[in-house]
Number of protein chains: 2
Amino acid sequence: MIRVMVVDDQALVRRGFALVLDNEPDIQVVAEAGTGLTAIAAAREHQPDIILMDIRMPEMDGLEATARILQTEKKAEAGDTPCRVIILTTFDPDEYVFRALRAGASGFVLKDIPPEALVEAVRTVADGGAMLAPGITQRLISQFAQKLGTGRNLAERLERLTAREREVLAAIADGKSNAEIAEALFIGPATVKTHVSSVLSKLGLRDRAQAVVFAYECGLANAGGRDVGF
Amino acid sequence: MIRVMVVDDQALVRRGFALVLDNEPDIQVVAEAGTGLTAIAAAREHQPDIILMDIRMPEMDGLEATARILQTEKKAEAGDTPCRVIILTTFDPDEYVFRALRAGASGFVLKDIPPEALVEAVRTVADGGAMLAPGITQRLISQFAQKLGTGRNLAERLERLTAREREVLAAIADGKSNAEIAEALFIGPATVKTHVSSVLSKLGLRDRAQAVVFAYECGLANAGGRDVGF
DNA sequence: TCTCACCTCCCCCAAAAGGTGGAGACGGCA
DNA sequence: TGCCGTCTCCACCTTTTGGGGGAGGTGAGA
């Protein structure tokens with residue numbers, strides 16, 4: 001049985017969704033909330049598997065509420081219920097989508113979807129998957145393809161480097177100085193300089209700064225992976 | 001009427017999908033192909049709206065074929081049919097997915113989906129959307145959220161900088177030298193040094209190389225956006 | 001065996017970068 | 001009015017970086 005909570009400030013809308021879902025044999029609506037704040041409390045109390053969350057709400061919007069609920073979930077992590085959130089809204093501007101995904105939402109669907117599709121989305125997400133509105137999936141793919149896109153030809157340039165040189169480049173992309181690289185790779189500083197020089201000349205770069213740019217652009221260094229705690 | 005081409009090396013599978021789709025009133029299977037090479041030729045000849053493409057095939061795999069078909073499409077761009085590809089396969093390893101998305105696929109679904117879902121996927125993609133298997137959507141979101149994740153707290157550190165300093169940081173993240181930054185911002189090289197110094201000290205960085213790392217990590221510079229043609 | 005690519009390290013040197021301290025100009029704000 | 005933050009620039013200094021050689025050692029392959 002999938003336990004669902006519906007969060008929307010408009011009681012009618014809320015009841016509508018709840019009725020649609022409750023009509024399914026394997027889905028049970030266990031709570032409803034009309035604001036972000038009450039949603040947080042209700043989530044804690046009823047421990048739903050899935051939360052259908054509107055964005056525009058008084059007191060606290062759905063994105064903020066989503067972030068908080070999933071954060072406390074993560075802290076608890078007693079393995080209770082890894083509650084998952086589907087954002088259900090009328091609009092789909094990019095900013096909302098990105099914020100929602102960052103907040104940890106597993107779905108982002110528009111309110112105009114047919115009821116069966118909503119039910120399907122709930123089941124999909126409860127099953128560990130994710131469900132986005134088709135247009136959003138499309139944009140996500142575009143963004144992703146763009147990021148991977150340029151990587152190709154640059155990665156070819158990367159192959160001109162020897163294994164050691166790639167290691168050095170990675171270290172450069174980590175913000176390390178020559179001395180630090182030497183220490184990290186257990187070689188002398190002079191050797192590091194040699195490697196750095198060949199990396200720069202082979203790739204047609206001038207600076208270690210440009211080397212950092214190159215590393216990020218070709219995917220050798222991945223943005224978002226590191227804590228910049230130099 | 002949605003014109004579909006089915007590409008799969010197993011004739012039985014191919015016929016199965018074709019029959020399911022042809023049974024729909026708004027979908028017409030206009031071509032079939034058993035290899036990547038013939039798929040390219042058939043796509044050119046029949047100009048389908050949607051191509052269902054298997055990955056594992058003799059002569060040329062589906063990903064390569066997808067890339068080529070969409071590439072020639074792009075070149076032609078006479079506005080004929082902006083043909084779109086749905087990858088339909090038994091496996092979903094990450095590598096395949098990324099290659100598929102980079103090749104320009106608009107969908108990636110597993111062969112075990114129910115027939116109605118396949119039909120729905122075809123309609124969705126024909127309608128300009130995209131459709132991924134739920135698990136894949138999930139992973140795409142994770143990757144995306146990770147990239148956006150750390151950006152927030154770092155961006156706060158960014159706000160300690162003055163507007164000018166942020167400009168300078170952006171220029172640094174572009175791989176520019178102090179002299180180039182001076183030229184770009186119409187100020188003296190000495191001024192650039194001043195700004196660079198305060199950027200580094202305010203952000204707790206040592207190097208302009210570390211500054212580049214910081215810029216990428218906090219999203220000030222976006223990987224994939226630039227041509228590294230130093 | 002000889003060659004070649006690679007890794008390792010050295011020296012010297014010029015250029016760039018980064019730190020420190022100071023200074024004038026401008027605009028907002030108490 | 002005076003204070004403060006910002007932008008602009010300067011001079012001086014140390015450290016780092018990057019380029020130009022050269023040189024020894026290793027292992028794979030012709």
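All values reported here derive from a predicted model rather than from experimental measurement. Numbers restart at 1 for each chain; the letters A, B, ... are given by sequence-line order, proteins then strands.
A donor-acceptor pair is defined here as one N or O able to donate and one able to accept, closer than 3.5 Å; no such pair exists between the side chain of B:Arg84 and the backbone of B:Ile50. Using modelled atom types, one side-chain atom of A:Arg208 and one backbone atom of A:Lys176 make a donor-acceptor pair closer than 3.5 Å. A distance-only check finds no donor-acceptor pair linking the side chain of B:Asp207 to the backbone of B:Gln210 [under 3.5 Å].
In the region residues 179-187 of chain A, proximity to DNA chain C at under 4.0 angstrom, judged on heavy atoms, holds for A:Ile187.
In terms of phosphate contacts, A:Arg164 brings no side-chain nitrogen or oxygen within less than 4.0 Å of OP1 or OP2 of C:dC6. Between A:Asn178 and D:dT17 there is a side-chain polar atom (N or O) within less than 4.0 angstrom of OP1 or OP2.
Checked against salt bridge (Lys or Arg N to Asp or Glu O under 4.0 Å), A:Lys202 has the following partners two or more places apart in sequence or in another chain: A:Glu165.
Heavy-atom distances to DNA chain D give each of A:Arg208 and B:Thr162 a nearest nucleotide, and the one nearer the 5′ end belongs to B:Thr162. Sequence order on DNA chain D of the closest nucleotides to B:Ala190 and B:Arg160 puts B:Arg160 first from the 5' end.
As a whole-Å value, the separation of A:Leu169 CG from D:dT17 P is 15 Å. Note: CG (B:Asp207) to P (D:dT16) measures 10 Å, nearest angstrom. Computed from coordinates, the B:Lys176 NZ to C:dA16 C1' distance equals 18 Å when rounded to whole Å.
Heavy atoms only, all atoms of each residue included: B:Ile141 and A:Ser106 are closest at CD1-O, 4.3 Å. The minimum heavy-atom distance between B:Thr35 and B:Val7, with the atom names listed, is O-CG1, 4.0 Å.
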Protein-nucleotides 19-23 of chain D N/O pairs closer than 3.5 Å?
residue: D:dG19; atom: OP2; partner: A:Ser197; partner atom: OG; Å: 3.4

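With a 6.0 Å radius and a threshold of 12 heavy atoms from other residues, nucleotides or ligands, B:Glu183 has its CD atom at or below the threshold. The 12-atom threshold is not exceeded at CZ of A:Arg56, counting heavy atoms of other residues, nucleotides or ligands nearer than 6.0 Å.
Residue contacts for B:Thr191: at a heavy-atom cut-off of 4.0 Å it reaches a base atom on one of the strands shown.
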